[in-house]
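These numbers come from a predicted model, not from an experiment. Here, residue 1 is the first one in the sequence, and each next residue gets the next number.
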Amino acid sequence: MNARTFGALLLCLVASGCFTTGPKLEELKSTIPQLAAGQARIYLYRPSSVGGLIQPSVMLNGERVGAAKPNGFFFVDVPPGSVEVSISTETQQKASFSIEAGQTRYVRVTVGMGLFVGRFYPQLVGDTEGEREMADLGYVGQPLDSQAAKAPPAARPAAPVAVAAMPSTMASGAVATGALPAPGSLWVYSFRDRVFGNRDREFSVRTSAVQDSSVMEILSSGSEQQILSANTREIGFQTRRISGEDFIELSPYLLASVPAPAAPLPQSPRTYPGTGSAQDWKVRVVQVRREEVTVPAGRFDAYRVELAGENENALFATSSAHAVNAAATDYRTQRFMYEAWYAPQIGRYVQIHHKTFNKYGNEIGDEWVQLKKFELRNASPPDRKD
């Protein structure tokens, strides 16, 4: 990088100025919840406003836990063990360490020069240094009252299981393992993107016909209706549109053709409806595991299928000035994380979590789809012919 390019990038980064954050650590000490038994705490903070327009996601053991916001800090409670903190912009930077139960550790995020955009470096620092540097920073994590309300899993009161919560007419129509739901079955979902704070939108899906491995559906949202079809033999993404917005489904009837999914899946999704052409995307199955999940419709024993993907050809900006100025306004997807929870007893998914990031590492979408209620008809076995 020549001196002119370096100087232009530095000017763009510094020109971002100071950013307003939340209350200071000293003001919050009395309201920060105590550490639960058997847990550890990690504080993550960014003690500078340099490059403030770029606020990449902070990943902890592969899961997003927050964003590196200028002059801000937040904390995460974790079980003891090995920890890897990573941040990606044009490159990925990592910090790895171990943490013990009852221990608190501090990770500082600093900004360095990159070829097209700033690089963010997580660094483990000592307790004294971490507390001192955080003193004048603002809290940018989740609301503390919601965190305080969270109890350890063993302390949470048990909710009734889904079948017990269903009217008897619903329970009797539960979908058999590896079967397709019968025509007339209905699922009602809510949809929200938490990045934009949108209100919940409601939509319903009703099966109108089931033949061999094909399911015909009527998707309704308000006064809008669409007739759609799903091939249960194919594992892939489909774009649905409700109330003027798109959301993405992954094989809604996956359990009909794969009754007990495990990684790797029989076939990976061939395409992802994101930026660029289909062949630019690299999609992988991260994990498949059995997991209990609670949604408005009740508690379900489900299969959680997690996928991730990225488009390496959409990673870099055309100029350093563009990279800084567009970081907060570029809504083209470069990377995604997708989770879907499938419940065998209802024959469809009960929850979707879809997160998207632009090429600067900024989170541009955090979509949640959750099942609110359902009605099932007698299920029919799928066609097993090749």
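Counted by atom type alone, E249 and Q238 present zero donor-acceptor pairs between their side chains at under 3.5 Å. When only modelled atom types and interatomic distance are considered, Y43 and E131 share no side-chain donor-acceptor pair under 3.5 Å.
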Using the ring-ring contact (aromatic ring centres under 6.0 Å, His included) rule, take Y139 and F73 through it: C-alpha gap first, then chi angles, then the decisive distance, then the call. CA-CA 5 Å; Y139 181 69; F73 77 93; 5.5 Å; yes
Evaluate the side chain to side chain contact (heavy atoms under 4.5 Å, CB included) criterion for residues Q334 and N358: first the C-alpha distance (whole Å), next the side-chain angles of each, then the deciding distance (0.1 Å), finally the verdict. CA-CA 5 Å; Q334 188 274 326; N358 65 17; 5.6 Å; no
Evaluate side-chain hydrogen bond (donor to acceptor under 3.5 Å, both in side chains) for Y253 paired with R348, printing each intermediate quantity in order. CA-CA 5 Å; Y253 304 100; R348 221 172 187 272; 3.2 Å; yes
Begin with the C-alpha distance, continue with both residues' side-chain angles, and end with the deciding distance and a verdict on side chain to side chain contact (heavy atoms under 4.5 Å, CB included) for I32 and R41. CA-CA 12 Å; I32 291 178; R41 179 164 291 171; 3.4 Å; yes
Test side chain to side chain contact (heavy atoms under 4.5 Å, CB included) on R233 and N231; report intermediate values, then the result. CA-CA 5 Å; R233 291 179 178 173; N231 186 339; 3.4 Å; yes
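Side chain of D246 to main chain of R241: no donor-acceptor pair is present (N/O by atom type, distance under 3.5 Å, no hydrogens or angles). Formation of a donor-acceptor pair under 3.5 Å by the S251 side chain with backbone atoms of E234 is found in this model. Judged by distance alone, with hydrogens and angles left aside, the side-chain atoms of Y338 form a donor-acceptor pair with the main-chain N or O of L250 at under 3.5 Å. Checking side-chain atoms of N362 against main-chain N and O of Q55 turns up a donor-acceptor pair under 3.5 Å. Listed for the T207 side chain is a donor-acceptor partner under 3.5 Å among the backbone atoms of A182. Judged by distance alone, the side chain of S49 and the main-chain N or O of P70 form no donor-acceptor pair under 3.5 Å.
A distance of 7.0 Å separates CG in D200 from NZ in K372, rounded to the nearest 0.5 Å. Rounding to the nearest 0.5 angstrom, the gap separating the OH atom in Y121 from the NZ atom in K94 is 14.5 Å. Atoms CD and CE, on E84 and M59 in that order, are 10.0 Å from each other to the nearest 0.5 Å. With rounding to the nearest 0.5 angstrom, the CZ atom of R290 is 14.5 Å from the OH atom of Y342. From I227, atom CD1 reaches atom CD1 of I218 across 6.0 Å, with rounding to the nearest 0.5 Å. Rounding to the nearest 0.5 Å places CZ of F336 at 4.0 Å from CZ of F237.
Following chains of ILVMFWY side-chain contacts shorter than 4.5 Å, one cannot reach L35 starting from F97, and the two form parts of different hydrophobic clusters. Both L44 and L124 sit in one connected hydrophobic cluster of ILVMFWY residues. Membership requires side-chain heavy atoms under 4.5 Å apart, directly or through other members.
Classification of the F247-F191 ring pair by plane angle, with boundaries at 30° and 60°, yields tilted. Ring pair Y272/H354 is perpendicular by interplanar angle, where above 60° counts as perpendicular and below 30° as parallel.
With a 4.5 Å cut-off on side-chain heavy atoms, R240 and F203 do not count as touching. Here the side chains of E306 and R304 are in contact, with some heavy-atom distance below 4.5 Å.
A cation-pi arrangement is absent between R108 and Y45 under the rule of less than 6.0 angstrom and at most 45 degrees off the ring axis.
Using a 4.0 Å cut-off between a side-chain N of Lys or Arg and a carboxylate O of Asp or Glu, E363 and R194 do not qualify as a salt bridge. A salt bridge does not link K24 to E26: none of the charged nitrogens lies less than 4.0 Å from a carboxylate oxygen.
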